[in-house]
Amino acid sequence: MEHVDVIIVGAGLSGIGGACHLKMQCPKKSFVILEGRERMGGTWDLFRYPGVRSDSDMYTLGYRFRPWRDNKSMADGPAILNYIRDTAAEYGVDKTIRYNHRVRRACWSSEDARWTVEAESVPGKTMVQLICNFLYLCTGYYDYDSGYTPEWPGIERFRGKIVHPQKWPEDLDYAGKRIVVIGSGATAITLVPAMAKRAAHVTMLQRSPSYVVSRPAEDKLANWLRRCLPDRTAYALARWKNVLVGTFYYSLARKRPNVFKWMVAKGVRNQLREKYDAKHFTPPYNPWDQRLCLVPDADLFRAMRNGRVSIVTDHIETFTEEGLLLKSGERLDADIIVTATGLVLKLFSGMQLVVDDVPVVLPNTLVYKGMMFSDVPNFAFAVGYTNASWTLKCDLAAGYVCRLLNHMDQHGYASCTPRVNDTDVGDEPVIDFNSGYVLRAMHTLPRQGSKKPWRLHQNYVKDLSLMRYASVEDGAMDFKSRLKS
Ligand SMILES: Cc1cc2nc3c(=O)[nH]c(=O)nc-3n(C[C@H](O)[C@H](O)[C@H](O)COP(=O)(O)OP(=O)(O)OC[C@H]3O[C@@H](n4cnc5c(N)ncnc54)[C@H](O)[C@@H]3O)c2cc1C
């Protein structure tokens with residue numbers, strides 16, 4: 001059976017980043033990337049809806065080791081996909097990807113100190129087995145097969161077209177059409193102004209509002225730094241500036257929610273002027289209980305001011321032949337209804353982990369440094385922050401994996417396993433978000449503790465010291481030499 005030192009699962013933003021870290025920091029390690037789809041890029045290849053873009057700045061969503069060189073800081077999906085592809089080519093990790101390999105199961109044997117990884121290779125659906133010493137899952141956080149669509153009465157009666165953003169039809173012609181987008185999250189807020197450019201009218205129908213904040217698509221300071229300084233220095237400064245600004249606003253939102261709410265409402269009021277209606281922009285929860293929605297250069301508000309977009313806050317009574325009947329009695333007629341109702345959160349796309357013949361039950365585990373599980377050896381995963389750019393955390397996680405591997409080599413260890421040896425560590429939900437997609441999946445998720453290294457900080461500066469500088473021998477990580485000779 002083929003054996004490599006490390007198997008990375010997933011060739012998205014974090015899988016490619018993880019592979020580059022390995023190349024740079026563990027150049028002697030052999031590795032492959034197993035990717036279930038036929039292309040790299042993950043999220044940024046899958047999502048093809050109009051206007052798809054990041055809602056984080058690319059100085060923090062980009063890799064620490066490879067500067068973002070476009071003028072736009074909130075970037076379009078295709079530009080992010082190119083950045084991932086170019087990084088993979090530049091670091092030569094594109095050649096290590098095995099496409100159409102969907103990993104179904106990984107089994108750890110303590111006796112051999114190895115994982116046996118089983119992947120379904122398509123076409124033909126043959127099972128392939130590989131062996132590795134360390135398994136690094138970069139599989140994202142949602143179900144790739146389909147997004148979330150609630151069950152609405154009468155949906156089959158609608159005579160127009162229903163589209164989910166996760167499965168956008170390439171040939172969808174919406175020019176001159178009446179569109180209703182159901183949803184109020186990042187996807188809806190992105191789609192609505194983008195579709196309004198060609199549609200007759202777009203209505204965003206939301207059950208409850210989100211906090212919406214406008215930010216410039218281009219970061220003037222970052223672009224100026226790029227003109228004056230070497231690429232890498234300018235990038236590092238822009239990255240740190242955005243980390244600190246982001247951390248400041250997050251902590252303001254959590255500590256002084258009323259001040260933050262007032263600031264957000266003022267921003268929207270200034271944009272919409274006489275068209276402002278607080279009902280559509282006053283969420284029933286505190287800022288950052290759910291993810292904030294960022295709009296580049298106020299594009300949503302401009303489209304509302306021009307009359308091309310309207311927002312309705314109401315509940316669906318039923319679908320009709322012509323569109324929707326709402327609980328208030330209002331009717332929304334539509335040619336196309338877009339269900340921007342979210343993702344299905346599914347860690348590791350449902351693949352099974354087994355340790356010494358015992359299946360790992362995620363809710364029975366605690367997360368270690370937000371990237372490993374208690375009692376699961378030689379294993380790590382890349383899951384980013386909920387309150388900042390994904391890559392900030394995944395870069396730290398990949399760097400930490402490399403530190404662990406190098407430390408094990410130096411000391412002749414065959415395995416490393418986070419162990420809870422503190423009886424007072426607590427047991428709390430892993431995410432303190434009340435978004436629908438998180439609440440629906442909470443029972444499937446691991447848990448976190450109340451103190452480090454079992455606490456999820458959701459804070460780059462704190463994680464930086466914990467993951468880049470603190471010793472890997474921290475009392476919780478159990479290193480073992482090989483059992484079998
Ligand atoms: C529309 C959209 C916009 C977003 N915008 C932002 C943003 O602005 N800022 C931000 O921080 N985050 C954003 N996110 C979150 C986003 O998913 C991350 O930023 C990032 O792209 C995740 O990268 P990833 O590589 O970890 O996961 P993914 O991009 O999901 O890639 C995972 C890869 O793993 C593969 N895979 C999964 N399971 C298996 C398996 N069992 N076997 C083999 N291969 C497998 C998948 O096919 C995929 O290629 C956004 C998400 C969406 C959906």
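The structure displayed is predicted, hence computed values, not measured ones. All values below come from the heavy atoms of this structure, side chains included, with hydrogens, waters and symmetry mates left out. Counting convention: from 1, in listed order, for ligands and their atoms alike.
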Pairwise distance OH(Tyr99) to CD1(Ile33) - rounded to 0.5 angstrom:
8.0 Å
Looking only at distance, does [X] have an N or O less than 3.5 Å from an N or O of ligand 1?
X      : result
Leu343 : no
Gly36  : yes
Tyr49  : no
Leu13  : yes
Arg39  : no

Pick from Arg102, Met58, Met40: the one approaching atom 40 (C) of ligand 1 most closely through a non-hydrogen atom:
Arg102
Once you measure the plane-to-plane angle for Phe379 and Trp115, does it fall in the parallel (<30°), tilted (30-60°) or perpendicular (>60°) bin?
tilted
How are the rings of Tyr141 and Tyr437 set to each other: parallel, tilted or perpendicular (split at 30° and 60°)?
tilted
Report the part of [X] (side chain from C-beta onward, or backbone N, CA, C, O) that has a heavy atom under 4.0 Å from ligand 1; answer both or neither where that applies.
X      : result
Leu34  : backbone
Tyr385 : neither
Ser14  : both

Among protein heavy atoms, which lies nearest [atom], and at what distance?
atom                    : result
atom 30 (O) of ligand 1 : Tyr144 OH, 2.6 Å
atom 11 (O) of ligand 1 : Trp390 N, 2.8 Å
atom 16 (C) of ligand 1 : Thr43 OG1, 4.0 Å
atom 47 (O) of ligand 1 : Glu35 OE2, 2.6 Å
atom 10 (C) of ligand 1 : Ser56 OG, 3.4 Å
atom 34 (O) of ligand 1 : Gly10 CA, 3.2 Å

Exam field: side chain Ser184 to backbone Ser210, donor-acceptor pair closer than 3.5 Å
no
Would Gln166 count as a contact residue for ligand 1, given that I'm defining contact as a non-hydrogen atom of the residue lying under 4.0 Å from a ligand atom?
no
Does ligand 1 have any atom sitting under 4.0 Å from a heavy atom of Arg98?
no
